[in-house]
2 protein chains.
Amino acid sequence: MVTISDIAAALGVTPSTVSRALSGSPRVKEETRLAVEQMAAALGYERNIVASNLRKGKSDIVGIIVPRIHREFFSNAIGGAESILNAAGYNVLICQTHEQFDAEVKALRTLRNNRVAGVLMSHAIGSMDGSHILEILGDRIPLVQFDRVFSELPGAKVINNNAEGAYQATKHLIEQGYRHIGTLAGYMNSEAYAARLDGYRKALMGSGLSVDESIVFYDTILRETGFDAAMKALEAGCDALYCAGDFCALGAIQAARSRGLRIPEDFGVVGTADESFTALMSPAMSSLALNPFEMGRQAARAFLTGEEGTVVVPMELKERESSCKTTNNNPTLYA
Amino acid sequence: MVTISDIAAALGVTPSTVSRALSGSPRVKEETRLAVEQMAAALGYERNIVASNLRKGKSDIVGIIVPRIHREFFSNAIGGAESILNAAGYNVLICQTHEQFDAEVKALRTLRNNRVAGVLMSHAIGSMDGSHILEILGDRIPLVQFDRVFSELPGAKVINNNAEGAYQATKHLIEQGYRHIGTLAGYMNSEAYAARLDGYRKALMGSGLSVDESIVFYDTILRETGFDAAMKALEAGCDALYCAGDFCALGAIQAARSRGLRIPEDFGVVGTADESFTALMSPAMSSLALNPFEMGRQAARAFLTGEEGTVVVPMELKERESSCKTTNNNPTLYA
DNA sequence: AATAAAAATACAAACGATTGTATTATTCAA
DNA sequence: TTGAATAATACAATCGTTTGTATTTTTATT
């Protein structure tokens with residue numbers, strides 16, 4: 001690989017001049033800059049960013065830690081972050097935790113040891129609190145949390161207005177005439193899920209309905225666990241579920257189907273995340289959209305500006321067949 | 001940040017001894033190794049991988065270039081590659097091209113300048129040939145192409161048996177009784193699509209059916225373009241389509257629906273890629289699965305072993321409602 | 001033309017590790 | 001105890017840049 005020393009030798013100047021010429025310093029004569037640039041092109045020189053960054057104590061790499069890259073929410077969030085970061089000259093190193101604490105610790109160590117410029121992360125369900133994050137990253141590597149955040153940690157945060165969104169989703173179910181509405185609430189160590197449960201509760205109480213704790217199910221974000229929980233909910237006489245995820249909502253729909261119930265007439269379901277399958281399936285599933293691309297953009301922006309506050313990205317309820325007993329303003333794609 | 005020199009100073013030894021102690025060289029006394037390790041832990045030392053790699057002329061980063069990270073195929077391929085690479089101590093730097101030639105060139109430059117250990121890539125549709133890849137990467141950075149490959153380039157390649165898969169898919173349509181089968185063929189500058197078209201042709205000819213070039217549509221991989229092409233196909237009396245992608249196949253189904261046709265009775269569709277929505281929608285769409293996770297694994301494996309051959313990953317036809325006129329061995333999830 | 005000021009370049013030390021070679025300390029045999 | 005062999009460590013160069021300081025060259029001023 002050709003280095004600045006090669007260029008310097010070929011031109012009879014020193015590496016420092018070449019370096020300054022290539023980085024456009026006013027300390028080199030226009031004439032020599034031209035000569036350097038031509039020689040660089042002739043020799044096929046390309047700056048070694050690793051060496052450059054080492055010397056400068058900088059990095060052009062931003063680490064992103066997510067539970068699973070193939071989850072649409074996260075791949076879209078990564079896409080959003082990348083669109084901003086690439087434009088600012090950064091590259092993106094991606095780590096998956098598969099929802100496991102150990103993998104998260106390993107990912108954090110890896111990023112720290114690679115001296116990344118910053119870390120954008122959404123913590124694993126297996127992470128109970130953020131102490132390991134702080135401990136590993138220290139205060140040298142800026143951290144931006146998105147979606148799943150530990151609010152006790154310093155640094156910027158990007159979250160959805162989960163409480164408000166879940167409130168709207170539940171209210172929508174109430175307005176559609178459902179009266180015994182349960183929820184698949186997810187994991188309570190995640191503030192996002194906790195906030196959704198909160199919104200669900202507020203909506204019920206705000207409408208004079210009581211919260212029946214026997215149809216509030218925890219730790220149910222997979223299709224399988226959603227199915228099981230929904231079966232129990234049905235036995236308890238539940239007529240609708242607000243689900244804190246789309247896959248468990250899918251499980252809920254399957255459970256209702258397996259009992260011969262019609263959707264939405266006999267049983268209503270609203271999921272969360274607006275995974276692409278929700279709009280394509282039949283009945284099309286109502287879902288609370290998270291806007292992951294925008295969250296990724298905001299997280300990247302927060303990293304670039306260094307602002308420390310909490311950005312709240314609005315959620316949007318997509319009303320589709322699975323919850324629209326009375327109206328049908330959003331028919332399925334195939335209607 | 002604490003360095004080996006800090007440890008050395010604290011212990012009254014030289015940095016070289018510390019370095020050797022930490023990397024387990026037999027040239028340091030067991031006793032000093034222990035002292036070094038303890039001091040490292042006490043000071044909270046973490047090796048600077050950037051500096052280490054610069055010195056060693058190595059890198060722990062493998063670049064992956066894909067058109068779009070949020071496409072399920074690619075996010076799964078990345079996941080597969082990552083599972084192998086992480087286990088081998090590598091990290092993954094991801095670049096998206098958004099199918100654009102310019103972005104691909106930029107991504108290749110970025111990876112080269114970051115002196116990555118290798119590049120795993122699936123080229124953009126906007127790339128007409130692989131000359132820029134070779135030119136930028138040179139022969140120092142190993143290249144593994146997957147899915148979309150330029151066979152004229154050196155280095156390992158991982159592809160699907162596209163011809164065989166498309167052959168099976170088309171034969172399946174024939175066996176189901178369709179007789180005027182067209183295809184949405186995709187982009188012919190991609191060898192994968194070209195091979196699928198080949199398999200389609202062979203299946204028709206092998207069954208004594210002729211290939212009607214008026215219902216072979218090119219450059220149609222989006223839902224929208226698939227819809228338009230399918231409308232033309234229907235006017236030409238086409239009764240089934242083998243589609244080289246799932247999104248254009250979705251467009252085809254929508255086109256048939258818009259004309260009041262029943263699926264699969266009046267019109268059969270098989271897509272390609274087995275995107276997750278295909279199994280969830282109604283009618284469930286038949287699709288030729290690509291096995292992206294395995295492709296990613298194979299690509300990573302090829303990089304690690306340095307083997308230069310071409311690995312062929314088998315495709316698997318998922319027979320679902322959209323193409324099963326006579327039988328229905330794979331009912332939709334909600335049947 | 002002499003001198004000060006400014007411009008351009010050279011020199012050399014970093015960044016944080018690794019590694020070949022030289023040096024010192026230890027062990028062992030005779 | 002001396003010397004050779006070996007173990008352990010120190011020294012110093014290096015990876016490819018960047019950058020503060022020193023030096024040389026050029027320009028401007030009188």
Side-chain angles (χ1 to χ4, degrees), chain A residues 1-37 39-40 43-61 89 109-110 112-117 138 140-141, chain B residues 1-37 39-40 43-61 89 109-110 112-117 138 140-141:
Chain A
M1 282 268 160
V2 33
T3 72
I4 53 169
S5 301
D6 297 331
I7 300 175
L11 250 41
V13 297
T14 58
S16 54
T17 312
V18 174
S19 173
R20 290 197 165 95
L22 291 174
S23 56
S25 160
R27 282 173 57 176
V28 296
K29 199 167 26 173
E30 186 60 23
E31 187 188 325
T32 52
R33 181 208 317 300
L34 245 58
V36 166
E37 276 167 359
M39 183 60 73
L43 298 180
Y45 169 81
E46 287 284 337
R47 166 194 271 123
N48 184 329
I49 294 189
V50 178
S52 173
N53 287 343
L54 170 63
R55 173 59 231 247
K56 294 202 275 194
K58 300 208 160 193
S59 173
D60 65 333
I61 296 178
R109 288 232 174 84
T110 295
R112 193 231 343 234
N113 294 2
N114 271 287
R115 302 297 193 269
V116 294
R140 306 288 293 268
I141 301 178
Chain B
M1 281 269 161
V2 33
T3 70
I4 53 170
S5 300
D6 297 330
I7 300 174
L11 250 41
V13 296
T14 57
S16 54
T17 311
V18 175
S19 173
R20 290 198 165 93
L22 291 175
S23 58
S25 160
R27 282 174 57 175
V28 298
K29 201 169 20 175
E30 186 61 22
E31 187 187 325
T32 50
R33 181 207 317 299
L34 246 58
V36 166
E37 276 167 0
M39 183 58 75
L43 299 180
Y45 170 81
E46 286 284 339
R47 167 194 270 124
N48 184 329
I49 294 190
V50 178
S52 173
N53 287 343
L54 171 63
R55 175 57 231 248
K56 292 201 275 196
K58 301 207 160 195
S59 173
D60 65 334
I61 296 178
R109 287 232 175 84
T110 295
R112 193 230 344 233
N113 293 2
N114 272 286
R115 301 296 192 269
V116 295
R140 306 288 291 269
I141 302 177

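Note on naming: letters A, B, ... go to the chains in the order of the sequence lines (proteins, then strands), and numbering restarts at 1 for each one.
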Supply the atom-to-atom distance B/Asn53 CG to B/Arg47 CZ, rounded to the nearest 0.5 angstrom. 9.5 Å
Dump the intermediate steps for side-chain contact (heavy atoms from CB on, under 4.5 Å) on A/Thr32 and A/Val13, then the final yes or no. CA-CA 9 Å; A/Thr32 52; A/Val13 297; 5.5 Å; no
Could you walk me through whether A/Thr17 and A/Leu11 pass the side-chain contact (heavy atoms from CB on, under 4.5 Å) test, one step at a time? CA-CA 10 Å; A/Thr17 312; A/Leu11 250 41; over 6 Å; no
Could you tell me whether the side chain of A/Asn48 reaches within less than 4.5 Å of the side chain of A/Thr3, counting heavy atoms only? no
So, taking the atom named CZ in A/Arg140 and the one named CZ in A/Arg115, what distance separates them when rounded to the nearest 0.5 Å? 9.0 Å
Rounding to an integer number of Å, can you tell me how far A/Leu22 CG sits from D/dT19 P? 13 Å
Is there a donor N/O on one and an acceptor N/O on the other, under 3.5 Å, for the side chain of A/Arg27 and the base of C/dT9? yes
Between C1' on D/dT9 and CD on B/Glu30, what's the gap in Å once rounded to a whole number? 16 Å
From the list B/Val18, B/Val36, B/Asp6, B/Ile4, side-chain contact (heavy atoms from CB on, under 4.5 Å) with B/Tyr45 holds only for B/Ile4
Hey, which sits more toward the 5' end of DNA chain D by its nearest nucleotide, A/Ala51 or B/Lys29? B/Lys29
Rounded off to whole Å, could you give me the CG-to-P distance for the B/Leu54 and C/dC15 pair? 14 Å
The side chain of B/Ser19 lies closest to which of these nucleotides: C/dT19, D/dT9, C/dG16? C/dT19
Contact class for B/Val13 vs. all strands (heavy atom < 4.0 Å): base, sugar-phosphate, or nothing? sugar-phosphate
I need the NZ-C1' distance between A/Lys58 and D/dG16, as an integer number of Å. 18 Å
Taking only the side-chain nitrogens and oxygens of B/Ser52, find out if one of them lies under 4.0 Å from OP1 or OP2 of C/dT18. yes
Could you please name the option among C/dC15, D/dT17, C/dT18 that lies closest to any side-chain atom of A/Asn48? D/dT17
Whole Å only: how far is the CD atom of B/Glu46 from the P atom of C/dA17? 11 Å
For a quick check of understanding: with a heavy-atom distance under 4.0 Å over all strands, which category does B/Thr32 fall into, base, sugar-phosphate or nothing? sugar-phosphate
Measure all distances between protein nitrogen or oxygen atoms and nitrogen or oxygen atoms of nucleotides 11-14 of chain D, and list the pairs falling under 3.5 Å.
residue : atom : partner : partner atom : Å
D/dC11  : N4   : B/Ser16 : OG           : 2.9
D/dT14  : O2   : B/Arg55 : NH1          : 2.8

With a 4.5 Å limit on heavy-atom distance, are the side chains of A/Asn114 and A/Thr110 in contact? yes
